[in-house]
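The structure appears below as structure tokens.
Just so you know, ligand 1 is whichever comes first in the structure, and atom 1 is the first atom listed for that ligand. Quick note: residue numbers are just sequence positions, from 1. What you see is a predicted model, and the numbers here were worked out from it, not measured in a lab. As a basis for the values below, the full set of heavy atoms in this structure was taken, side chains included, without hydrogen atoms, waters or symmetry mates.
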Amino acid sequence: MRSRDHYTPRVTHRSAASETWTTRRLLTWMGQTFAAKGLESPRLMAEMLMAHVLGCERLRLYMDVDRPASPLEREALRDLVARALKHEPVQYLVGEAWFYGLPFHVDPRVLIPRPSTESMVQEVLQHHRARHGAAGQDGRGVMIADVCTGSGCIAVALLKNLPEARAVATDLSTEALEVARRNAARHGVSERVEFLAGDLLTPVLAHAAAGKAGALDFLVSNPPYIPDDEWPHQVGRNVLDHEPHLALRGGADGLDHVRRLLNDGPALVKPGGLVLVEVATSRARAAASLASGAGLGHVRVVRDHEGLDRVIVGERA
Ligand code: GLN
């Protein structure tokens with residue numbers, strides 16, 4: 001009896017504690033739930049959702065892992081977990097994606113920025129720095145066109161890193177442009193970028209400054225490029241069920257938009273300037289031939305962070 005008296009309160013105490021939904025317990029529960037469903041990076045996803053609901057940085061979660069969640073926070077998490085289990089990308093759930101070290105607002109109106117696309121930004125910045133001494137590094141006088149801008153991530157990342165450069169950025173989707181404008185404002189570059197609605201280069205060609213022969217230093221584009229033979233079986237459910245198909249499908253061979261860009265694009269670029277287009281890995285060689293055929297010189301294929309052929313780069317002679 002004595003030992004029981006001694007024992008019981010401890011059990012009660014322990015079970016009460018284990019029923020409290022602390023940060024630690026919620027993270028474990030979410031991580032296990034996501035892992036059981038086969039979702040990618042379950043623990044990271046759990047941390048991102050938790051940090052989003054608590055309104056703090058992800059790493060801060062670990063400074064107070066025994067913090068009990070309020071009923072409202074638990075309800076918000078339950079809702080997000082249910083959506084995640086339907087393969088909704090975590091970036092849409094938290095409304096944010098990181099690209100080139102910068103946070104971008106994202107929602108289902110735009111494609112989520114991919115790390116693969118960062119290699120395009122890097123190429124532009126490297127080329128610019130190699131050609132200009134320290135004096136020219138702010139990008140004064142540099143004009144960029146970003147075609148199919150989506151969230152605006154490429155244009156904004158470039159303008160952030162070239163603080164005197166200017167850009168025009170186009171998209172067929174006016175809804176996407178609303179997101180892109182918001183991201184430009186968020187990063188303080190709105191004054192240096194014009195967002196134009198329209199099909200591929202059409203609005204650039206109609207633009208007084210950017211649409212002239214040789215006006216551009218850089219023409220960059222991450223157009224829709226998934227070929228029909230890779231759709232839908234090579235595309236994840238998170239992409240297929242939630243991201244805008246308009247931003248993804250590139251026609252029978254995935255090069256519909258690439259061909260059109262290479263038709264009209266190079267003439268807009270000044271000698272020594274670059275055309276950079278992201279393409280499907282399976283179509284990189286074909287795209288490189290198209291670029292050479294379009295009169296671009298020094299055509300190369302740049303790999304992405306996974307080592308996959310990803311971006312075609314050509315220089316205007
Ligand atoms: N890389 C993207 C994907 O496979 C495709 C992006 C695009 O078509 N521009 O999800």
Side-chain angles (χ1 to χ4, degrees), residues 39-41 45 86-93 97-100 104 106-124 145-158 169-173 175-177 179-180 183 198-201 218-262 265 275-288 290-291 301-313:
L39 301 184
E40 254 178 66
S41 315
M45 207 151 121
K86 290 184 189 145
H87 300 271
E88 191 164 338
V90 68
Q91 293 92 338
Y92 288 155
L93 297 177
W98 287 78
F99 180 79
Y100 214 75
F104 286 85
V106 291
D107 62 40
R109 292 176 291 179
V110 296
L111 191 78
I112 297 165
R114 311 282 205 262
S116 289
T117 308
E118 292 178 343
S119 47
M120 183 139 64
V121 174
Q122 205 160 0
E123 280 297 314
V124 169
D146 174 16
V147 175
C148 308
T149 195
S151 65
C153 63
I154 301 172
V156 171
L158 287 174
T170 75
D171 209 288
L172 191 55
S173 159
E175 285 191 320
L177 290 178
V179 177
N183 282 319
D199 185 28
L200 288 177
L201 282 165
F218 298 102
L219 170 59
V220 298
S221 182
N222 174 16
Y225 62 65
I226 300 180
D228 286 351
D229 55 89
E230 293 176 14
W231 185 278
H233 58 281
Q234 292 201 31
V235 182
R237 267 195 67 186
N238 53 331
V239 177
L240 210 55
D241 293 352
H242 299 282
E243 294 198 84
H245 291 187
L246 180 69
L248 291 163
R249 303 193 67 173
D253 66 357
L255 295 171
D256 281 7
H257 307 294
V258 180
R259 261 188 214 93
R260 292 179 52 211
L261 276 169
L262 291 173
V275 176
L276 302 96
V277 187
E278 184 171 327
V279 295
T281 300
S282 60
R283 299 321 200 263
R285 282 182 177 205
L290 287 174
V301 179
V302 173
R303 295 193 170 154
D304 65 15
H305 64 300
E306 292 182 291
L308 298 172
D309 288 348
R310 186 58 71 203
V311 176
I312 305 305
V313 185

**OP:** Using side chain to side chain contact (heavy atoms under 4.5 Å, CB included) as the criterion, list what pairs up with Ala247, not counting sequence neighbours.
**Re:** Leu111, Pro244
Original post:
Can you name the residues that form a ring pair (Phe, Tyr, Trp, His ring centres under 6.0 Å) with His245, not counting sequence neighbours?
Top reply: Trp231
**OP:** Kindly indicate, with the supporting measurements, whether the criterion salt bridge (Lys or Arg N to Asp or Glu O under 4.0 Å) is fulfilled by Arg283 and Glu230.
**Re:** CA-CA 11 Å; Arg283 299 321 200 263; Glu230 293 176 14; 3.6 Å; yes
Original post:
What heavy-atom pair brings Ala169 and Leu177 nearest, and what distance separates the two atoms?
Top reply: O-CD2, 4.3 Å
Original post:
Within a reach of under 6.0 Å around CD of Gln234, are more than 12 heavy atoms found that belong to other residues, nucleotides or ligands?
Top reply: yes
**OP:** Name all residues meeting the ring pair (Phe, Tyr, Trp, His ring centres under 6.0 Å) criterion together with Tyr225; count only those two or more places apart in sequence or in a different chain, and write none if there are none.
**Re:** none
**OP:** Kindly tell me which protein residues have any non-hydrogen atom under 4.0 angstrom away from an atom of ligand 1, grouped by chain and ordered by number?
**Re:** Leu111, Arg114, Asn222, Pro223, Pro224, Tyr225, Ile226, Ala247, Leu248
